[in-house]
Amino acid sequence: MAYVISDDCISCGTCVDECPVGAISEGASHYEIDPDSCVECGTCAGACPNEAISLPE
Ligand code: SF4
């Protein structure tokens, strides 16, 4: 299960360079994670200044 970016994303771009597999890109309204590329390392979640990245419940 891939991490997801919520509407709390403020599009700062901090997470993009943190992802080791390049799964994060700018989406229509905020940044998005490609679920097929994400390896669930959690690095991006720790880097987000707005706590917008998490595993879906
Ligand atoms: Fe990339 Fe890891 Fe975040 Fe998945 S959990 S999007 S692999 S940084």
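Whatever order the structure lists them in is the order used to number ligands and atoms, beginning at 1. All values below were derived from every heavy atom in this structure, side-chain atoms included, with hydrogens, water molecules and symmetry-related copies excluded. Position 1 is the first residue of the sequence, and the numbers go up from there.
Counting the atoms of ligand 1 from 1 in the order shown, those under 4.0 Å from a heavy atom of P20 are 8 (S).
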For side chain to side chain contact (heavy atoms under 4.5 Å, CB included), just list the numbers for D8 and I53, CA-CA rounded to whole Å, side-chain angles, deciding distance to a tenth of an Å, and then say yes or no.
-> CA-CA 8 Å; D8 288 336; I53 308 176; over 6 Å; no

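How far CD1 of I10 is from SG of C48: 7.0 Å, rounded to the nearest 0.5 Å. Remark: C9 SG to E26 CD distance equals 8.5 Å, nearest 0.5 Å. Residue Y3 holds its OH atom at 8.5 Å from OG of S54, rounded to the nearest 0.5 Å.
Protein-derived N/O/S atoms nearer than 2.8 Å to atom 4 (Fe) of ligand 1 total 1, waters excluded.
In the hydrophobic clustering of ILVMFWY residues, with side-chain heavy atoms under 4.5 Å counting as a link, V4 and I24 come out apart.
More than 12 heavy atoms of other residues, nucleotides or ligands shown are found within 6.0 angstrom of CD on E40.
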